[in-house]
2 protein chains.
Amino acid sequence: MKEILKERGYKATPARLAILEIFIKSKAPLAAENVYKELKRSKKNKDINEATVYRTLSLFEEGKVLTKIDFRKGSVFFELNKKHHHHITCFKCDTVEEFESTAIEKVLGGIVRNSSKFINIKEHSLELFGLCKNCVA
Amino acid sequence: MKEILKERGYKATPARLAILEIFIKSKAPLAAENVYKELKRSKKNKDINEATVYRTLSLFEEGKVLTKIDFRKGSVFFELNKKHHHHITCFKCDTVEEFESTAIEKVLGGIVRNSSKFINIKEHSLELFGLCKNCVA
DNA sequence: TTCTAAATGCAAATGACTTGCAAGTGGATT
DNA sequence: AATCCACTTGCAAGTCATTTGCATTTAGAA
């Protein structure tokens with residue numbers, strides 16, 4: 001973990017190490033509030049300030065350690081920056097499933113070719129919402 | 001316009017008519033702030049309260065007069081509810097181009113078929129971002 | 001060990017909404 | 001046309017996620 005920070009010229013502070021570890025261990029995307037509560041739960045890092053959490057999250061986003069996800073839930077979520085993918089989120093229980101799709105990337109390329117105002121797309125966000133099998137039952 | 005309101009059982013108040021008219025005339029999606037400023041610009045409706053704007057926007061969303069769009073810009077945008085489509089937004093000048101794509105809808109169907117946790121998608125949001133031809137130059 | 005730019009804690013500020021409540025008003029009814 | 005009341009609105013205060021100013025602390029290079 002210290003490597004990840006050092007590569008980017010970030011000081012390896014306890015707060016940064018703790019927050020990075022939380023993301024490495026987490027199976028799901030986390031909002032600042034989730035991270036903050038997780039820190040408070042531990043003995044060692046319970047005194048890390050909320051402002052520090054926010055500052056660390058945006059630092060990590062800038063350094064491509066994390067990526068931001070907008071689930072339209074009032075707060076912004078983050079996850080470790082890995083291969084490009086999308087999410088399906090359950091309306092009811094918030095379960096998140098990840099998926100990749102080369103088909104989507106291809107379709108997006110076609111869209112730009114038809115556009116009169118744009119030549120290429122730099123970013124896109126695609127979020128799917130539905131009810132998971134558990135919640136349907 | 002009164003028809004639109006009456007169909008949904010909404011009283012045709014000056015605020016609602018004014019806000020609806022702003023959307024009918026607008027070429028681009030608008031945030032609450034944009035609507036509010038536009039009202040202040042007019043002589044007749046300059047005294048409509050910001051809270052009323054917010055209340056009217058959510059009423060209109062509920063009644064499917066408007067749909068919400070999340071451009072990840074800190075505030076939520078709305079546009080008249082019309083045929084399902086997506087947007088490409090310019091990072092620099094915020095120009096918005098709309099597009100439809102049956103290909104995307106098909107691809108999304110395929111994704112769900114591969115999902116282990118989900119059976120169907122109820123909603124999706126797809127937002128594209130890039131530089132428009134003007135801003136590239 | 002020393003030193004300093006960078007990081008943190010704290011408290012106040014911000015921005016985008018939301019809400020409680022008293023006063024006002026469409027529009028159905030008379 | 002006057003009445004009435006559930007629905008609307010204005011206003012001010014509140015909320016929630018996030019940001020910022022500033023004084024203090026600290027990681028890590030020298």
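Every chain is numbered from 1, with letters handed out A, B, ... down the list of sequences.
Here A/E38 pairs with A/R41 in a salt bridge; the nearest charged N to carboxylate O distance falls below 4.0 Å.
Residue B/E100 comes nearest to B/H84 through the heavy atom pair CG-O, 3.8 Å, listed as atom of the first residue, atom of the second, then distance. Closest non-hydrogen pair, B/K92 versus B/C135, comes out as CB-SG, 3.8 Å.
A/K122 places no side-chain N or O within donor-acceptor distance of the main-chain N or O of B/L131, the cut-off being under 3.5 Å. The main-chain N or O of B/A12 is never found under 3.5 Å from a side-chain atom of B/K6 such that the two would form a donor-acceptor pair. Between the side chain of A/T56 and the main chain of A/T52, a donor-acceptor pair closer than 3.5 Å is present.
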- Item | Per-nucleotide protein contact string for nucleotides 22-30 of chain C, where B marks a base within reach and S marks sugar-phosphate only (heavy atoms under 4.0 Å, - for neither) | ----BS---
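Atom CZ of B/F71 and atom P of C/dA16 are 16 Å apart (whole Å). One interatomic measurement links the two molecules: CD of A/E3 to C1' of D/dG28, which rounds to 15 Å at whole-angstrom precision. Whole-Å rounding puts the A/D70 CG to D/dA17 C1' distance at 13 Å. The distance from atom NZ of A/K37 to atom C1' of D/dA17 is 13 Å, rounded to the nearest whole Å. Atom CZ in A/F77 sits roughly 12 Å away from atom C1' in D/dA17 (whole-Å rounding). Distance CG (A/L5) to P (C/dA6): 16 Å, rounded to an integer number of Å.
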- Task: Go through B/S115 and A/E97 one step at a time and tell me if the side chain to side chain donor-acceptor pair (under 3.5 Å) criterion holds.
- Result: CA-CA 8 Å; B/S115 166; A/E97 185 178 24; 2.5 Å; yes
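A heavy atom lying under 4.0 Å from DNA chain C marks the following residues of residues 39-67 of chain A, by number: A/D47, A/I48, A/N49, A/A51, A/T52, A/R55.
Regarding contacts with the backbone of D/dT9, a side-chain N or O of B/R16 is found under 4.0 angstrom from either OP1 or OP2.
Under 3.5 Å, the side chains of A/E127 and A/T89 contain no donor-acceptor pair of N or O atoms.
A 4.5 Å side-chain heavy-atom check between B/I111 and A/I104 finds at least one atom pair inside the cut-off.
In this structure, A/A15 reaches the sugar-phosphate backbone alone: every heavy-atom distance under 4.0 Å involves primed, P, OP1 or OP2 atoms, never a base.
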